[in-house]
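These notes are about the structure you will find just below.
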There are 2 protein chains.
Amino acid sequence: MQTGQTRRYHHGDLRAALLTRAEETLKEKGPAALSLRELARDLGVSHAAPSRHFKDKQALLDALAEAGFDRLGEALAASQETADESFADRLGALARAYVGFATANAELLDLMFSIKHDPAASDALIKASQGMSVLGLHLIEDGQRRGEVREGPVASIATPLFTTLHGFAALAVSGALPSGTLKTDLEYVIAHTLRGCAPDAPGPA
Amino acid sequence: MQTGQTRRYHHGDLRAALLTRAEETLKEKGPAALSLRELARDLGVSHAAPSRHFKDKQALLDALAEAGFDRLGEALAASQETADESFADRLGALARAYVGFATANAELLDLMFSIKHDPAASDALIKASQGMSVLGLHLIEDGQRRGEVREGPVASIATPLFTTLHGFAALAVSGALPSGTLKTDLEYVIAHTLRGCAPDAPGPA
DNA sequence: ACCTGAACACCGTTCAAGT
DNA sequence: ACCTGAACACCGTTCAAGT
């Protein structure tokens with residue numbers, strides 16, 4: 001039956017389609033313009049259909065954020081595989097991957113770190129964000145083993161690192177950092193962070 | 001005429017009243033619950049009245065953000081006046097003031113650095129945020145003069161500092177940092193930043 | 001100048017009912 | 001199981017009209 005009509009067309013996966021379309025309009029028209037009714041219209045279903053897959057508008061946003069964390073995690077992990085073995089290289093690659101993701105997904109990052117998540121979804125979210133920081137921990141432990149990172153509790157280095165990375169990404173995304181000097185600013189930040197991580201003894205033994 | 005009735009009661013400053021009430025509900029019920037109509041109801045005016053003072057809902061949010069930047073700037077400036085003269089002390093005071101403001105005004109900080117500002121208000125906003133970073137510049141130049149901060153272009157130190165401060169505040173506010181260890185985490189970050197700022201020669205001349 | 005009241009075009013959410 | 005259609009209680013914005 002090749003009627004040529006688009007039919008109701010949603011035998012398929014409405015849930016996934018909603019998420020995909022939501023991220024598109026998020027990027028195109030901003031978070032304020034994201035409405036369940038418009039999403040349903042775009043997908044050719046009734047406005048009540050989405051409620052079968054997301055109990056809430058917030059539930060959809062949470063799912064979007066969770067997917068964002070997954071993808072950010074993947075991007076960060078990938079950056080480590082193409083990087084050199086040295087701590088400096090790995091840190092640089094991590095930083096560039098984080099900021100790259102942030103600028104390419106500005107609205108999504110905003111959503112991921114906004115404070116509206118209901119407690120139910122928060123569990124999944126903090127789990128996802130923790131998986132991210134595990135990567136930082138490994139990076140530092142490895143650097144300590146190689147003697148390229150100062151000794152001390154991992155958290156005393158991992159937290160400042162995570163904090164700095166995210167701060168740069170967040171400021172770049174919000175436009176608080178002049179976009180003209182963004183690249184050199186990032187290099188400044190990487191260099192500064194390396195300094196903070198360096199071991200005490202400057203010369204060779 | 002002491003009728004005891006509350007009358008229409010808005011001879012006064014509706015604009016200021018709207019801003020005050022908006023920030024209250026922002027803090028109490030979150031940004032999603034902030035509606036112009038409810039604000040008007042709370043203040044005993046018609047739902048169309050706010051439009052005389054803010055052309056838009058966004059215009060009100062922008063004004064809120066701008067006031068936030070002003071207050072943050074004041075808090076940071078105040079932190080410098082009670083602080084010791086040493087760079088370490090001044091940096092610590094600045095960091096604690098920033099994080100203190102952030103945790104006390106979580107939703108407001110979120111709003112201040114979100115990406116929805118219309119270009120008209122953005123001018124005022126970036127001006128306010130620049131006034132903030134000027135403070136950081138002075139701090140560093142002073143530290144360099146005192147020999148407590150390494151030489152080099154101010155931006156190469158100021159940007160990492162601003163970035164780290166804001167990142168910590170943003171993560172704390174979003175709940176991505178475990179709130180139990182928040183205090184020691186902040187001390188870790190301050191110590192790490194001091195390390196990154198320290199001059200090269202470790203011992204006295 | 002400042003505000004009201006009605007109107008318009010949207011929302012999110014719920015719920016009986018269809019297939 | 002998945003979706004529709006109607007209904008409800010809200011929105012933001014605009015605009016004539018009042019004082």
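The chains referred to below are lettered A, B, ... by the order of the sequence lines, with proteins before strands, and numbering in each begins at 1. The analysis underlying the following values was restricted to heavy atoms, covering all of them including side chains, and did not include hydrogens, waters or symmetry mates. Just so you know, these numbers come straight off a predicted model, no measurement behind them.
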Item checked: Nucleotide-resolved protein contact map, nucleotides 9-16 of chain C, B/S/- at heavy-atom distance under 4.0 Å -> --BBBBB-

Margin query: I want to check something: taking the side chain as every heavy atom from C-beta on, are Thr163(A) and His192(B) in contact at a cut-off of under 4.5 Å?
Written below: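 A side-chain contact under 4.5 Å is absent here.
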
Margin query: Does any part of the side chain of Leu161(B), heavy atoms only, come nearer than 4.5 Å to the side chain of Leu91(B), both counted from C-beta?
Written below: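 Leu91(B) vs Leu161(B): side chains touch.
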
Margin query: Between the side chains of Arg21(B) and Glu24(B), is the shortest nitrogen-to-carboxylate-oxygen separation below 4.0 Å, so that they form an ion pair?
Written below: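 Salt bridge flag = yes for Arg21(B) with Glu24(B).
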
Any residue meeting side-chain contact (heavy atoms from CB on, under 4.5 Å) with [X], in chain and number order, not counting sequence neighbours:
{"X": "His47(B)", "value": "Arg37(B)"}
{"X": "Val154(B)", "value": "Leu137(B), Ile140(B), Glu141(B)"}
{"X": "Ala191(B)", "value": "none"}

Next item on the list: Both distances under 3.5 Å, Watson-Crick or G-U wobble: on that basis, could you give the dot-bracket string for DNA chain C, with [ ] for crossing pairs and | for other-strand partners?
Entry: ||.|||||...|||||.||

Next item on the list: Grab the CZ-C1' distance between Arg15(A) and dC3(D) for me, whole Å please.
Entry: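 These atoms are roughly 17 Å apart.
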
Check: Given atom CZ of Phe54(B) and atom P of dC3(C), what is their separation to the nearest angstrom?
Finding: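 Checked: the CZ to P distance equals 12 Å.
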
Check: Is the Phe162(A) to Phe168(B) ring centre distance short of 6.0 Å?
Finding: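 Phe162(A) vs Phe168(B): aromatic centres not under 6.0 Å.
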
Notebook entry, point to check: Which residue pairs satisfy the side chain to side chain donor-acceptor pair (under 3.5 Å) criterion with at least one member in residues 172-183 of chain B, sequence neighbours excluded?
Noted result: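 Only Thr181(B)-Asp185(B) qualify under side chain to side chain donor-acceptor pair (under 3.5 Å).
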
